[in-house]
Student: 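Shown below is the structure under consideration.
Predicted model only: the values in this text are computed from it and were never measured. Note that ligands are numbered from 1 as they come in the structure, with each ligand's atoms numbered from 1 the same way.
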Amino acid sequence: MSPPNPPTASVTDLPGAPQLAYRQGRLHLEETSLHALAQEHGTPLFVYSKAAMLAALAAYQQGFAGRDAQICYAMKANSSLGVLQVFAQAGCGFDIVSGGELERVLAVGGDVRKVIFSGVGKTRAEMQLALSAGIGCFNVESEAELDVLSEVAVAMGQVAPVSIRVNPNVDPKTHPYISTGLKGNKFGVAHEDALRIYQYAASLPGLKVAGIDCHIGSQITETTPYLDAMDRVLDLVAAIEAAGIAIDHIDFGGGLGINYNQDTPPAADALWQLLLAKLDARGYGSKKLMIEPGRSLIGNAGVCLTEVLYLKPGEQKNFCIIDAAMNDLPRPAMYQAFHAIVPVVPASDRPETTYDVVGPVCESGDWIGRDRALAVQAGDCLAVLSAGAYCMSMASNYNTRGRAAELLVDGTRVHVIRRRETAADQMRQEQQVSA
Ligand SMILES: *Cc1c(COP(=O)(O)O)cnc(C)c1O
């Protein structure tokens, strides 16, 4: 969590990928001027760096060098096809949470055998779709789901590979809305019930136990919760295998945090060095490993460009009204999350004023940043940083606002990966009642 009144990111100390930097007084992503992109493509506009995505992935790949490990990008963080394509081509599998996400994997030609299906509420239709596609594993979150999955698989003449998501009851020390591994949380099965539920899974005709899974939360910036969760999971692996049920792979989930504002999460390779040392020390170093990172692969590879529409001075607050809103950037409204907001072309000659940066949506919750010192005027372009994850994938059409366009930059090349949504796009599925 960010402190309530965090300092504004200075132009010399940008959170985000090293691919984001000021050059000749203009903010660039890789070799591309963001000012030029905003002028050409309009705002609000999401821009992602391919190099930053691949660098984030490389940190995990280095951490796992020489190991039997599979990285499954948790695509709910950002499921745009152009983003998925980059990760699929780099050899990633995918962690999906719906049938729709599976359709996206198929659309980009991702390897379905490297797909794992998470989530507490899979429908029969989603199970059928995933079984006929031949996904790698179902991460099952309840006994009731085991029954239904077995039934669906038997009816299709198939056997579903399963992991059970266990709840290690470890506090990830993050925001309560993105903490998932504690008791009293809807996810996973309780640690003390896990062995019994594994025995039940092994007895069902439509299931084959493949592995074990845990995911304790999101935006985790400390190492200890991961180490504690690993200990708890390995205790279970020992007990389950002692009961005669083989565990072929261990899935440690995702959740590694990124730097939004003076956050200091461990680097992926450093974290995994520690975790692998523990795994080796406990004698499980040769097990197949899986992980499900989302935010840490894409969050700091993206920015959202927005134009200042109006400045509205007030007695208690000054407002800077921008053309991006909570429908584009939902994290502040949902989690009181912090995104750094910086000028694309900083003006050194104007004084700074403290603003609440807000969008045009008719909700008081529609704010993007509070108490930010900015030297801006109407027409200026701002960049909302760390906007690669849980922004576009959570975007909505509230207030009949079309969703933003998205670009992928690759050095000096710029690819439009989503065109701006029009009002006609939004009304296409609707019809008026005929007389
Ligand atoms: C959301 C989620 C992830 C990814 O979390 P990040 O914080 O984005 O890394 C991984 N696994 C499961 C089951 C999830 O629900």
Student: Counting heavy atoms only, name the option from Lys76, His215, Arg165, Gln219 that's nearest to atom 15 (O) of ligand 1.
Tutor: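 Looking at heavy atoms only, the winner is Lys76.
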
Student: State if Pro293 counts as touching ligand 1 under the rule of any non-hydrogen atom under 4.0 Å.
Tutor: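 True for this residue.
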
Student: For ligand 1 and Arg295, I'd like to know whether there is a polar contact (N/O to N/O, distance under 3.5 Å).
Tutor: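 N/O-N/O distance below 3.5 Å exists for this pair.
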
Student: Let's go through Asn139 and Glu292 carefully: what are the C-alpha distance in whole Å and the side-chain angles of both, what is the deciding distance for side-chain hydrogen bond (donor to acceptor under 3.5 Å, both in side chains) to 0.1 Å, and is it a yes or a no?
Tutor: CA-CA 11 Å; Asn139 287 349; Glu292 309 162 353; 3.0 Å; yes

Student: Under 3.5 Å, side chain of Asp366 to main-chain N/O of Val361, donor-acceptor pair present?
Tutor: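 Yes, the answer is positive, given that a donor and an acceptor are paired below the 3.5 Å cut-off.
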
Student: With a cut-off of under 6.0 Å to the ring centre and 45° to the axis, is Arg331 in cation-pi contact with Tyr260?
Tutor: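 So Arg331 does make the cation-pi contact.
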
Student: Find all atoms of ligand 1 within a distance of less than 4.0 Å from any non-hydrogen atom belonging to Gly294, and give their numbers and elements.
Tutor: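 Those of ligand 1 that fall under 4.0 Å from Gly294 are 4 (C), 6 (P), 8 (O), 9 (O).
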
Student: With a cutoff of 4.0 Å, is Gly255 in contact with ligand 1, counting heavy atoms of the residue only?
Tutor: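 The answer is yes: ligand 1 sits under 4.0 Å from a heavy atom of Gly255.
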
Student: Does the distance from a Lys or Arg side-chain N to an Asp or Glu carboxylate O, for Lys287 and Glu241, drop under 4.0 Å?
Tutor: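 Yes.
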
Student: Please confirm whether Trp367 and Tyr355 have ring centers closer than 6.0 angstrom.
Tutor: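 Ring-ring flag for Trp367/Tyr355: false, centres at least 6.0 Å apart.
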
Student: Could you check atom 11 (N) of ligand 1 against the protein and tell me its nearest heavy-atom contact, residue, atom and distance included?
Tutor: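 Protein heavy atom with the smallest distance to atom 11 (N) of ligand 1: Glu292 OE1, 2.5 Å.
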
Student: Once you restrict to heavy atoms under 4.0 Å, what part of Tyr390 touches ligand 1? Side chain, backbone, both or neither.
Tutor: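 It is the side chain that gets close, since no backbone atom is under 4.0 Å.
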
Student: Identify, by atom number and element, the atoms of ligand 1 in contact range of Ala74, meaning under 4.0 Å from any of its heavy atoms.
Tutor: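 By the 4.0 Å cutoff, the relevant atoms are 3 (C), 4 (C), 10 (C).
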
Student: Does NZ or CZ of Lys76 fall inside the cone over Tyr390's six-membered ring, less than 6.0 Å from its centre and within 45° of the axis?
Tutor: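 Pair Lys76/Tyr390 does not count as cation-pi.
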
Student: Within the 4.0 Å heavy-atom shell around Ser118, which atoms of ligand 1 are there?
Tutor: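 The atoms of ligand 1 under 4.0 Å from a heavy atom of Ser118 are 13 (C).
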
Student: So, taking the atom named CD1 in Ile250 and the one named CG in Asp213, what distance separates them when rounded to the nearest 0.5 Å?
Tutor: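 Here the interatomic distance stands at 11.0 Å.
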
Student: What is the closest protein heavy atom to atom 7 (O) of ligand 1, and at what distance does it sit?
Tutor: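 Minimum-distance protein heavy atom for atom 7 (O) of ligand 1 reads Ser218 OG, 2.3 Å.
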
Student: Do Arg413 and Glu30 meet the salt-bridge criterion of a basic N to acidic O distance under 4.0 Å?
Tutor: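 Looking at Arg413 together with Glu30, the answer is no, because their closest N to O distance does not fall below 4.0 Å.
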
Student: Considering only heavy atoms, does Asp95 approach ligand 1 within less than 4.0 Å through its side chain, its backbone, both, or neither?
Tutor: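 For Asp95, the contact with ligand 1 is made by the side chain alone.
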
